[in-house]
Enquirer: 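A single structure is presented below for examination.
Just so it is clear, the structure is predicted and the values come from calculations on it, not from any experiment.
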Amino acid sequence: MYYIYMAMFAIFCSNSINILAGVNGIEVSQSIVIAILILINDILYLTTPYRHPAEDSHLFSVYLLLPFLGVSLALLYYNWYPAKVFVGDTYCYFAGMVFAIDGILGHFSKTLWLLFLPQIFNFVYSSPQLFHLIPCPRHRLPRFNARTGLMEPSRVRFERPLRGPLPQLLRLLHALRLIDITIDEKSGEVLDSTNFTLINLWLVWWGPLREYVLVVQLTAFQFAVGLVGLLVRHRLALLVFSVDNRYRS
């Protein structure tokens with residue numbers, strides 16, 4: 001069962017970076033933040049007042065992530081808006097596999113899930129389109145408005161009327177401000193909706209934004225959620241376990 005888990009973990013890590021993409025710098029920025037958060041987690045184990053049993057695993061993690069962080073920072077310099085380099089699938093899959101290998105061989109894959117919470121949310125949120133319950137265009141990146149210079153949420157138009165409970169579900173999500181839909185005034189049919197990605201959702205919540213502002217805000221969100229994840233791992237974990245790397249219940 002653990003082999004199956006490792007395979008699924010590696011597939012998720014690679015694809016989760018790839019589907020949270022579409023604007024200059026977002027793929028590299030989220031990878032840099034995750035790498036920094038993992039290094040913080042490593043440091044918490046390596047700076048204990050005693051030699052922690054997992055010290056070698058976290059030294060391995062440091063040795064793996066420092067070069068990755070260095071090349072990613074250099075890449076971000078050229079990938080930042082306005083980008084001179086396009087990362088494509090190559091970097092996304094590479095970054096995801098680095099994290100998967102780090103979490104599996106470092107024996108902290110459960111902690112890594114806490115640092116991937118935005119990516120997990122993005123996958124779950126994207127599921128209606130990924131599994132084609134809702135029409136899914138090839139690219140769901142936000143739309144650039146040349147007149148205002150701002151990024152706006154992209155939309156998917158429903159060529160055929162939606163069947164079953166889908167119209168009611170979309171209306172509910174619209175009421176909860178999880179998507180934005182357009183309804184035909186005469187027929188009452190749902191004509192289109194924003195695409196189901198975290199980037200588009202962010203633009204639904206905060207309105208049109210400059211591209212670099214959008215990336216900065218999402219990167220800050222990733223870092224804040226990751227810090228909460230580390231707090232859960234190293235403080236609230238004592239509600240379940242009797243001993244942690246620094247604290248004892």
Side-chain angles (χ1 to χ4, degrees), residues 9-47 57-106 108-123 141-142 151 197-199 201-203 209-234:
F9 183 70
I11 292 170
F12 172 80
C13 287
S14 299
N15 286 280
S16 65
I17 301 295
N18 196 40
I19 65 174
L20 185 52
V23 291
N24 291 327
I26 188 64
E27 300 93 337
V28 187
S29 294
Q30 63 180 302
S31 299
I32 289 174
V33 166
I34 293 172
I36 291 174
L37 290 167
I38 296 175
L39 287 171
I40 293 174
N41 180 63
D42 294 331
I43 291 170
L44 291 174
Y45 281 93
L46 295 174
T47 57
S57 296
H58 289 280
L59 280 174
F60 161 80
S61 175
V62 171
Y63 299 153
L64 180 65
L65 289 182
L66 285 180
F68 171 78
L69 188 59
V71 297
S72 296
L73 287 169
L75 177 60
L76 182 63
Y77 177 80
Y78 294 100
N79 186 234
W80 190 254
Y81 177 86
K84 300 179 181 66
V85 171
F86 176 65
V87 296
D89 293 343
T90 304
Y91 177 82
C92 295
Y93 293 142
F94 165 69
M97 283 306 299
V98 167
F99 297 138
I101 292 168
D102 197 40
I104 292 171
L105 297 184
F108 57 88
S109 62
K110 296 189 296 296
T111 302
L112 199 55
W113 285 115
L114 296 174
L115 307 184
F116 269 83
L117 286 177
Q119 285 72 25
I120 294 172
F121 173 83
N122 185 58
F123 172 74
L141 63 159
M151 304 299 292
T197 69
L198 176 58
I199 301 176
L201 177 60
W202 196 267
L203 293 169
L209 296 170
R210 295 283 182 187
E211 186 169 352
Y212 68 90
V213 174
L214 172 63
V215 175
V216 168
Q217 290 183 1
L218 286 171
T219 303
F221 173 72
Q222 174 90 47
F223 189 70
V225 171
L227 288 179
V228 172
L230 290 178
L231 176 65
V232 169
R233 172 62 186 87
H234 292 283

Enquirer: Do Phe123 and Phe116 have side chains that approach each other closer than 4.5 Å (heavy atoms only, starting at C-beta)?
Expert: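 No, too far: nothing below the 4.5 Å cut-off.
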Enquirer: Where do Trp80 and Asn24 come nearest, in terms of heavy atoms and distance?
Expert: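 Closest pair (atom of Trp80, atom of Asn24, distance): C-CB, 4.4 Å.
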Enquirer: If I take atom CD1 from residue Ile38 and atom CG from residue Leu69, how far apart are they, to the nearest 0.5 angstrom?
Expert: 10.5 Å
Enquirer: Check this for me: Phe223, atom CZ, are more than 12 non-hydrogen atoms of other residues, nucleotides or ligands nearer than 6.0 Å?
Expert: no
Enquirer: side-chain contact (heavy atoms from CB on, under 4.5 Å) for Val215 and Tyr81? Distances and angles first, verdict last.
Expert: CA-CA 9 Å; Val215 175; Tyr81 177 86; over 6 Å; no
Enquirer: What distance do Ile34 atom CD1 and Gln119 atom CD have between them, rounded to the nearest 0.5 Å?
Expert: 4.0 Å
Enquirer: Using modelled atom types and a 3.5 Å cut-off, is there a donor and acceptor pairing between side-chain atoms of Gln222 and backbone atoms of Pro118?
Expert: no
Enquirer: Mind checking the CZ-OG spacing from Phe108 to Ser57? Nearest 0.5 Å is all I need.
Expert: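 Going from the CZ atom of Phe108 to the OG atom of Ser57 covers 8.5 Å.
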Enquirer: Judged by atom type as modelled, is there a donor-acceptor pair below 3.5 Å linking the side chain of Asn18 to the main-chain atoms of Cys92?
Expert: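 It does not hold such a pair.
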Enquirer: So do the side chains of Leu46 and Val62 get within less than 4.5 Å of each other, counting heavy atoms only?
Expert: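 Yes, side chains in contact.
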Enquirer: So, do Leu73 and Ile32 sit near enough that their side-chain heavy atoms are less than 4.5 Å apart?
Expert: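 Sidechains of Ile32 and Leu73: in contact.
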Enquirer: So which heavy atom on Val28 is nearest to which on Ser72, and how close?
Expert: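 In terms of heavy atoms, the two residues are closest at CG1-O, 3.3 Å.
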Enquirer: Rounded to the nearest 0.5 Å, what separates atom CG in Leu114 from atom CZ in Arg233?
Expert: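 Between atom CG of Leu114 and atom CZ of Arg233 there are 8.5 Å.
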Enquirer: Going from OG1 on Thr111 to CG on Asn41, what distance comes out if it is rounded to the nearest 0.5 angstrom?
Expert: 5.5 Å
Enquirer: Is there a donor-acceptor pair closer than 3.5 Å between any side-chain N or O of Glu27 and the backbone N or O of Val87?
Expert: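 Judged by distance alone, no pair lies under 3.5 Å.
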Enquirer: With a 4.5 Å cut-off on side-chain heavy atoms, are Leu20 and Thr197 touching?
Expert: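 With C-beta onward as the side chain, the pair stays apart.
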Enquirer: Measure the spacing between OG of Ser109 and CZ of Phe99 and express it to the nearest 0.5 Å.
Expert: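 Ser109 OG to Phe99 CZ: 15.0 Å, rounded to 0.5 Å.
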Enquirer: Can you give me the closest heavy-atom contact between Asp102 and Ser61, atom names plus distance?
Expert: OD2-OG, 2.8 Å
Enquirer: Quick one, Tyr93 with Ile17, criterion side-chain contact (heavy atoms from CB on, under 4.5 Å). Give me CA distance, side-chain angles, the key distance, then yes/no.
Expert: CA-CA 7 Å; Tyr93 293 142; Ile17 301 295; over 6 Å; no
Enquirer: Report the C-alpha distance between Leu203 and Leu209 in whole Å, list the side-chain angles of each, state the deciding distance to 0.1 Å, and finish with yes or no for side-chain contact (heavy atoms from CB on, under 4.5 Å).
Expert: CA-CA 7 Å; Leu203 293 169; Leu209 296 170; 4.1 Å; yes
Enquirer: Describe, in one word, how the ring planes of Phe68 and Tyr91 are oriented to each other, choosing from parallel (under 30°), tilted (30 to 60°) and perpendicular (over 60°).
Expert: parallel
Enquirer: For residues Asp42 and His58, report the shortest heavy-atom separation together with the two atoms involved.
Expert: OD1-ND1, 2.7 Å
Enquirer: If the test is side chain to side chain contact (heavy atoms under 4.5 Å, CB included), which one of Val23, Thr219, Ile26 qualifies with Leu214?
Expert: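 Going through Val23, Thr219, Ile26 one by one, the side chain to side chain contact (heavy atoms under 4.5 Å, CB included) with Leu214 is satisfied by Val23 alone.
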Enquirer: What closest approach, in Å, do Ile11 and Asn15 show between heavy atoms, and which atom pair accounts for it?
Expert: O-ND2, 2.9 Å
Enquirer: Do Val98 and Phe94 have side chains that get closer than 4.5 Å, going by heavy atoms?
Expert: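 Yes, close enough: below the 4.5 Å cut-off.
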Enquirer: Can you tell me if Tyr78 has over 12 outside heavy atoms packed within less than 6.0 Å of its OH?
Expert: no
Enquirer: For the side chain of Asn79 and the backbone of Gly25, is there at least one donor-acceptor N/O pair under 3.5 Å apart?
Expert: yes
Enquirer: Looking at every heavy atom in both Leu198 and Asn122, which two are closest together, and how far apart are they?
Expert: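 Taking Leu198 first and Asn122 second, the nearest heavy atoms are N-OD1, 2.7 Å.
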Enquirer: Around Tyr212, counting heavy atoms of other residues, nucleotides and ligands shown, do more than 12 lie under 6.0 Å from its OH?
Expert: no
Enquirer: Pair Ser29, Leu76 - check side-chain contact (heavy atoms from CB on, under 4.5 Å), show working.
Expert: CA-CA 7 Å; Ser29 294; Leu76 182 63; 3.7 Å; yes
